[in-house]
Amino acid sequence: MEKNEYALDYILQAEYNLLRKQFIPGIIVIPSGKSNLIWNGVHFVSQGPYEGGVFRFSIIIPPTFPDGDCPKVIFMSSIYHPQINVDTGELDIKRYFPVWKRNGHHLWQVLRYIRRIFQKIETTNSVNVDAANLYEQDPGIFLSKISECVNQSKDNLYTPEPSTTDDPHAILFTPWSDKLQNVRQLLLTGKKKAFDNIHGLSWMKPGVYQILTREDTLPSHQN
C-alpha cells in the first residue's frame with residue numbers, strides 16, 4: 001500500500017537530513033526536481049581500480065518506502081563491474097540489503113555501499129559473471145576494461161544524460177569559465193549576502209574531484 005504523499009515527503013526529508021550529516025567522500029546526491037522518489041547522484045572515485053571515474057547514478061525509491069522493497073541504484077553509463085548488471089546498469093543492492101529494514105536501514109547507507117563496491121571487488125554471486133571470472137582469471141585484461149569505463153566516464157562528463165535533460169535538479173558539469181571567477185571568490189570568502197543570486201554552483205580542480213577546491217584544503221600529494 002502506498003503511503004500518504006505528505007507522510008512520504010516527511011520521511012524522505014528526514015532521510016536527506018540524515019544523509020547530510022554523514023561523511024561520504026566523493027559522492028554528490030540531490031533529490032530530483034521531477035519526483036522525490038528519484039535522487040540524482042554522481043560518484044567521483046578517488047582510489048582503487050576505478051580511480052578517476054566519474055559515474056552518474058539514480059536512486060529509485062519505492063512508493064512504500066521505508067516499508068517493502070529496497071531502493072534501486074541505476075548507473076547511467078556502462079560500468080564493467082561484477083556487481084553491476086551490464087545491460088541495465090543496476091547495482092545488486094540486495095546483496096548488501098537482502099531485506100530492507102525500516103528502523104535499521106537508511107539511504108545514506110546505500111551511498112556508502114556504492115562507494116565500497118569501487119574500492120573492494122567482490123566476485124561471489126555476481127550479476128556480471130563475465131566480469132567476476134575475468135577478475136579472478138586475468139586481472140590484467142579486467143583492469144584494461146575498467147580503464148575503458150573510467151576514460152569513457154571522463155569523456156562524457158560534460159554530456160547531459162537524456163533522462164535528466166528536463167530535470168531542474170540534474171547534476172550538470174561544464175568546463176571552467178573565467179566568468180565564474182567572481183562567483184568562486186564570493187564562495188571562498190563566505191559572505192552569505194553575496195550568495196543571494198547564486199544557486200547550485202560549485203567547481204572542482206581537474207584530477208582532484210573535491211568540490212569547492214582551494215589549494216590550502218588539498219592533501220599535500222594533490223597540491
Side-chain angles (χ1 to χ4, degrees), residues 19-20 22-30 38-61 70-98 105-159 161 163-164 170-173 202 204-211 213 218-219 221-222:
L19 184 156
R20 293 175 62 188
Q22 303 300 317
F23 179 66
I24 309 176
I27 291 185
I28 300 172
V29 67
I30 184 171
I38 301 174
W39 289 14
N40 301 318
V42 61
H43 180 25
F44 300 88
V45 186
S46 60
Q47 59 184 355
Y50 293 85
E51 181 177 353
V54 184
F55 302 122
R56 290 185 174 92
F57 62 88
S58 293
I59 299 178
I60 312 298
I61 303 167
C70 63
K72 293 182 178 181
V73 174
I74 309 293
F75 285 93
M76 302 293 102
S77 59
S78 176
I79 303 177
Y80 195 74
H81 191 290
Q83 303 307 327
I84 299 176
N85 187 296
V86 68
D87 297 315
T88 65
E90 182 174 354
L91 172 63
D92 183 14
I93 282 289
K94 291 191 175 182
R95 175 187 182 86
Y96 196 74
F97 303 97
H105 292 151
H106 298 282
L107 293 176
W108 66 264
Q109 294 169 317
V110 173
L111 298 182
R112 288 264 174 116
Y113 181 57
I114 291 173
R115 189 169 184 269
R116 172 183 169 179
I117 68 160
F118 291 107
Q119 297 178 341
K120 183 179 180 180
I121 308 297
E122 297 178 348
T123 58
T124 57
N125 301 319
S126 299
V127 294
N128 186 339
V129 178
D130 289 340
N133 289 339
L134 198 60
Y135 177 81
E136 297 287 351
Q137 300 169 10
D138 198 331
I141 295 180
F142 178 79
L143 290 175
S144 70
K145 286 183 174 290
I146 285 180
S147 180
E148 291 176 6
C149 295
V150 169
N151 290 334
Q152 183 182 41
S153 75
K154 292 189 287 190
D155 290 343
N156 295 334
L157 182 62
Y158 302 130
T159 304
E161 289 295 329
S163 61
T164 62
I171 300 175
L172 304 176
F173 298 95
S202 180
M204 298 181 184
K205 185 177 181 180
V208 174
Y209 308 125
Q210 173 182 318
I211 64 171
T213 304
L218 295 178
H221 70 281
Q222 292 181 336

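Only this structure's heavy atoms are used, side chains among them; waters, hydrogens and symmetry mates stay out.
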Please round to the nearest 0.5 Å and tell me the distance separating atom [atom1] of [X] and atom [atom2] of [Y].
| X | Y | atom1 | atom2 | answer |
| --- | --- | --- | --- | --- |
| Lys72 | Lys94 | NZ | NZ | 8.5 Å |
| Ser77 | Asp155 | OG | CG | 11.5 Å |
| Arg56 | Ile28 | CZ | CD1 | 10.5 Å |
| Thr88 | Leu91 | OG1 | CG | 10.0 Å |
| Ile114 | Phe75 | CD1 | CZ | 5.0 Å |
| Leu157 | Leu172 | CG | CG | 10.5 Å |

Heavy-atom distance under 4.5 Å between the side chains of [X] and [Y], does that happen here?
| X | Y | result |
| --- | --- | --- |
| Val110 | Trp39 | no |
| Ile38 | Ile59 | no |
| Asn40 | Ser58 | yes |
| Ser46 | Glu51 | no |

[X] to [Y] - nearest heavy-atom pair and separation:
| X | Y | answer |
| --- | --- | --- |
| Ile74 | Glu90 | CD1-CB, 3.5 Å |
| His43 | Phe57 | N-CE2, 3.9 Å |
| Ile27 | Leu111 | CD1-O, 3.3 Å |
| Tyr113 | Asp92 | OH-O, 3.6 Å |
| Ile93 | Cys70 | CG2-SG, 3.7 Å |

Open item on the list: By the salt bridge (Lys or Arg N to Asp or Glu O under 4.0 Å) test, which pairs, at least two apart or in different chains, include something from residues 109-123?
Closed with: Arg95-Glu122, Arg116-Glu122
[X] atom [atom1], over 12 foreign heavy atoms within 6.0 Å:
| X | atom1 | value |
| --- | --- | --- |
| Phe55 | CZ | yes |
| Tyr96 | OH | no |
| Asn125 | CG | no |

TODO: From the options Ile117, Leu143, Ile121, select the one residue that forms a side-chain contact (heavy atoms from CB on, under 4.5 Å) with Tyr50.
DONE: Ile121
Open item on the list: Any side-chain to backbone donor/acceptor pair from Ser153 onto Val54? Under 3.5 Å, distance only.
Closed with: yes
Task: Backbone of Ser147 reached by a side-chain donor or acceptor of Asn151 within 3.5 Å - done: yes
Open item on the list: For Phe173 and Phe44, I'd like to know if the aromatic rings sit close, meaning centre-to-centre distance below 6.0 Å.
Closed with: yes
TODO: Quick one: list whatever passes side chain to side chain contact (heavy atoms under 4.5 Å, CB included) with Ala131, sequence neighbours left out.
DONE: Tyr80, Pro82, Asn128, Phe142
